[in-house]
Amino acid sequence: MIQKSMQIQLANGLEARPVAVLVQKASMFDSKIYIEAEGKKVNAKSIMGMMSLGLNAGEEVTVIAEGTDEGAAVDSLEEYISGNAK
């Protein structure tokens with residue numbers, strides 16, 4: 001299991017479109033992936049769960065991944081959340 005804290009660097013935070021992209025990215029991995037913020041932990045592959053967090057730019061989150069491709073999963077989500085995705 002890998003846990004990594006990071007700050008949301010997306011200009012508009014995680015609103016509808018960025019959440020959809022994040023869920024899409026998370027769904028590409030076999031690992032179980034969760035996002036934890038403000039005491040709530042949700043499945044990163046669930047659009048409704050992610051929307052329920054209502055995260056804004058600058059907020060801290062912890063990405064938790066467990067499985068065969070956990071390292072790649074955390075790296076991919078970190079790249080996206082930090083605003084460095086291509």
For this session: Decide side chain to side chain contact (heavy atoms under 4.5 Å, CB included) for Ser31 and Glu70; before the verdict, give the C-alpha distance in whole Å, the side-chain angles of both, and the deciding distance to 0.1 Å.
Result: CA-CA 6 Å; Ser31 296; Glu70 60 191 24; 3.9 Å; yes

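What you find for Pro18 and Leu10 is that their closest heavy atoms are CB-CD1, 4.1 Å. Heavy atoms only, all atoms of each residue included: Glu60 and Ser5 are closest at OE1-CB, 4.3 Å. For the pair Leu55 and Val61, the tightest heavy-atom approach, listed with the atom from each and the gap, is CD1-CG1, 3.5 Å. For Ile81 against Ile8, the heavy-atom pair with the smallest separation is CG2-CA, 3.6 Å. Across all their heavy atoms, Ala65 and Val74 have their closest contact at CB-CG2, 3.6 Å.
For Lys4, the salt bridge (charged side-chain N to carboxylate O under 4.0 Å, His left out) criterion is met by Glu78, not counting sequence neighbours.
Counting only heavy atoms from C-beta outward, the side chains of Ile64 and Ile33 never approach each other to under 4.5 Å. Between Ile35 and Leu53, some side-chain heavy-atom pair lies under the 4.5 Å cut-off.
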For residues 36-44, which side-chain N or O atoms pair as donor and acceptor with protein atoms under 3.5 Å away, sequence neighbours left out?
unit_1: Lys40; atom_1: NZ; unit_2: Ser52; atom_2: O; d: 3.2
unit_1: Asn43; atom_1: OD1; unit_2: Lys45; atom_2: N; d: 2.8

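Around the CD atom of Gln24, the shell of radius 6.0 Å holds no more than 12 heavy atoms that belong to other residues, nucleotides or ligands.
Proximity of a side-chain donor or acceptor of Ser76 to a complementary backbone N or O of Ala72 within less than 3.5 Å is not detected. A donor-acceptor pair is defined here as one N or O able to donate and one able to accept, closer than 3.5 Å; no such pair exists between the side chain of Tyr34 and the backbone of Thr62.
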